[in-house]
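Right, I'll just put the structure down here and ask away after.
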2 protein chains.
Amino acid sequence: MAAKAEHPNVLCTVDVVLLTLRDDALQVLLLRRTAEPFAGALALPGGYVHAQSDHDASDAAARVLRDKAGVESPYLEQLATFSGPARDPRGWSVSIAHFALLPESLLPPLHEGAVWKPVERLPALPFDHRQIVQEAVERVRAKSQYSSLPVHLCGERFTLPQLQAVYEAVLGEPVNKVSFRRKIDELGMLEPIEGEFTAGGAHRPAQLYRLRKAFRHVLSTSGRGLNSGA
Amino acid sequence: MAAKAEHPNVLCTVDVVLLTLRDDALQVLLLRRTAEPFAGALALPGGYVHAQSDHDASDAAARVLRDKAGVESPYLEQLATFSGPARDPRGWSVSIAHFALLPESLLPPLHEGAVWKPVERLPALPFDHRQIVQEAVERVRAKSQYSSLPVHLCGERFTLPQLQAVYEAVLGEPVNKVSFRRKIDELGMLEPIEGEFTAGGAHRPAQLYRLRKAFRHVLSTSGRGLNSGA
DNA sequence: TGAATAGTGTCTCTAAGACAATATAGC
DNA sequence: GCTATATTGTCTTAGAGACACTATTCA
């Protein structure tokens with residue numbers, strides 16, 4: 001039918017907010033754009049949806065991360081869709097925004113033109129990328145209150161004190177140790193490993209844990225969260 | 001540039017899950033399709049994004065509701081975006097799904113071919129509309145736990161017992177009266193009106209309330225919800 | 001043994017749910 | 001007064017945070 005001909009002029013893209021923890025702060029990956037518009041500016045990794053090859057929008061986001069950032073299989077979740085006539089100078093556009101989490105230990109070597117920026121100190125960004133980053137951070141913080149989301153910022157093996165530090169960095173506030181450990185236990189997503197953490201410490205070593213298989217790509221949630229708001 | 005020519009074949013649409021409360025049950029508006037594909041089938045109100053006139057995707061959703069269902073200004077929120085090559089037989093498509101809430105009292109007379117169906121007893125639906133409805137209902141239930149969302153299913157004036165009944169119908173479970181009133185008070189979104197509820201009752205009348213101006217299109221949220229599950 | 005951090009026991013305090021008392025209408 | 005529902009008071013209980021004690025390692 002004539003639908004395609006009648007409504008051909010919507011640009012369909014994906015953008016990805018890739019977050020990691022560096023220097024105890026949430027940081028977002030920005031790439032220097034090589035093409036117009038905004039060539040030379042730092043922006044989120046993004047690109048057109050490829051109707052020929054992408055299985056869906058999240059698949060497009062994964063492809064963008066793989067091709068443009070060298071990131072292989074991070075935790076990836078749809079954030080929201082941004083749209084309108086003005087956000088992209090090329091015309092009426094839709095961006096199906098996603099966010100992704102990756103532990104610093106799994107980051108690939110940075111491509112030329114790729115930089116990490118703390119989400120609290122963003123440079124000027126083209127399109128509506130600033131708003132997209134802000135909504136992604138809000139979403140991550142909100143979900144971290146009551147779910148296992150931040151484990152995806154840890155490597156495969158980690159101790160509870162390490163995981164607590166990750167939660168605190170993401171939430172931006174200290175977390176009660178006893179409550180934290182109760183909550184983690186209640187979420188039932190971790191299993192201890194026999195090897196222990198020995199590190200440089202002149203102190204008691206910490207038990208290493210890993211994510212149970214069942215939670216590899218599913219979040220665990222609990223009714224009530226940690227600090228229920230500053 | 002050549003972008004539009006390179007990537008023209010993504011259909012960009014919106015679908016709307018319009019929910020109301022009828023007979024103490026959440027019900028969704030379905031329209032009988034008049035055009036292919038799936039002409040004659042019941043489906044969600046939806047349509048193409050009009051790049052010429054729509055301000056953004058939510059504006060497109062509001063237009064679809066207005067034109068196809070006669071609904072003027074309901075509470076409207078973006079749900080998620082569904083995409084892929086198979087969900088629409090016309091080709092690779094994107095649907096920016098929204099949900100809307102409207103009190104039964106404000107429903108317009110039903111157009112020809114429009115029907116309400118309880119969300120627990122959906123008929124077969126084309127596209128991925130069943131999944132869209134299910135995710136909308138999940139979202140509404142989740143947000144109702146800790147926010148003022150269900151007030152948008154009440155008319156302009158209502159009593160606390162009425163509002164509690166709405167919460168219970170949405171959540172599908174009874175709510176503790178004392179906790180409920182404490183929570184509503186804490187949310188600070190309602191103000192009492194001087195007129196009282198007189199109705200048929202051979203009993204004490206209930207105070208009428210209305211939503212404060214500031215919360216007309218903004219939700220009020222609290223850290224911990226009502227029944228936190230099961 | 002002392003320092004440092006890991007892990008746990010337990011008390012306190014907040015807030016949700018249960019229960020029931022009181023309030024106010026129509027009859 | 002009697003019935004029915006609205007509204008409020010207060011007790012119980014679950015769970016989050018504070019505090020501090022014990023455990024274990026290395027120097």
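Chain A is the first sequence line, chain B the second, and so forth, proteins listed ahead of strands; every chain is numbered from 1.
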From D:dT7, C:dA25, D:dA23, pick the nucleotide closest to the side chain of B:P161? D:dT7
A:Q27 meets the side-chain hydrogen bond (donor to acceptor under 3.5 Å, both in side chains) criterion, sequence neighbours left out, with none
Go nucleotide by nucleotide along DNA chain D from the 5' end; which of B:L160 and A:G201 gets its closest nucleotide reached first? B:L160
Under-3.5 Å donor-acceptor pair between B:R204 side chain and C:dA25 base: no
Taking 4.0 Å as the cut-off, does a side-chain nitrogen or oxygen of B:K177 come that near to OP1 or OP2 on C:dG17? no
Take B:Y209 and B:H203, find for each the nucleotide of DNA chain D with the closest heavy atom, and name the residue whose nucleotide sits nearer the 5' end. B:H203
Which nucleotide sits closest to the side chain of B:Q207: D:dA16, D:dT7, C:dA6? D:dT7
Whole Å only: how far is the CD atom of A:E173 from the P atom of D:dA16? 15 Å
Residue closer to the 5' end of DNA chain C, A:Q162 versus A:A202 (nearest nucleotide): A:A202
By side-chain hydrogen bond (donor to acceptor under 3.5 Å, both in side chains), A:D88 pairs with (sequence neighbours left out) A:R90
Ranking C:dA16, D:dT7, D:dA16 by distance to the side chain of A:R182, first place goes to D:dA16
Rounded to whole angstrom units, what separation is found between the OH atom of A:Y167 and the P atom of D:dG17? 13 Å
Closest listed nucleotide, where the reference is the side chain of B:V178 and the choices are C:dA23, C:dT8, C:dA18: C:dA18
For the pair A:Y209 and A:F158, evaluate ring-ring contact (aromatic ring centres under 6.0 Å, His included) and give the outcome as yes or no after the intermediate values. CA-CA 5 Å; A:Y209 289 83; A:F158 49 85; 7.4 Å; no
Please give, in whole Å, the distance from D:dT8 P to B:K183 NZ? 18 Å
In whole Å, I'd like the distance from the CG atom of A:D185 to the C1' atom of C:dG7. 13 Å
Lys/Arg-Asp/Glu bridge criterion (N-O < 4.0 Å) met for B:D59, B:R66: no
Without decimals, in angstroms, what is the distance between B:F180 CZ and D:dT8 P? 13 Å
D:dA18 OP1/OP2 closer than 4.0 Å to side-chain N/O of A:N176: yes
Can you tell me the distance, in whole Å, between the CD atom of B:E186 and the P atom of C:dG17? 12 Å
Distance, rounded to the nearest Å, where B:Y146 contributes OH and C:dA16 contributes C1': 19 Å
Can you tell me if CZ on A:R22 sees more than 12 non-hydrogen neighbours from other groups inside 6.0 Å? yes
Here the distance between atom C1' of C:dA16 and atom CD of B:Q164, to the nearest Å, is 14 Å
Below 4.0 angstrom from OP1 or OP2 of C:dG7, is there any side-chain N or O of A:R181? yes
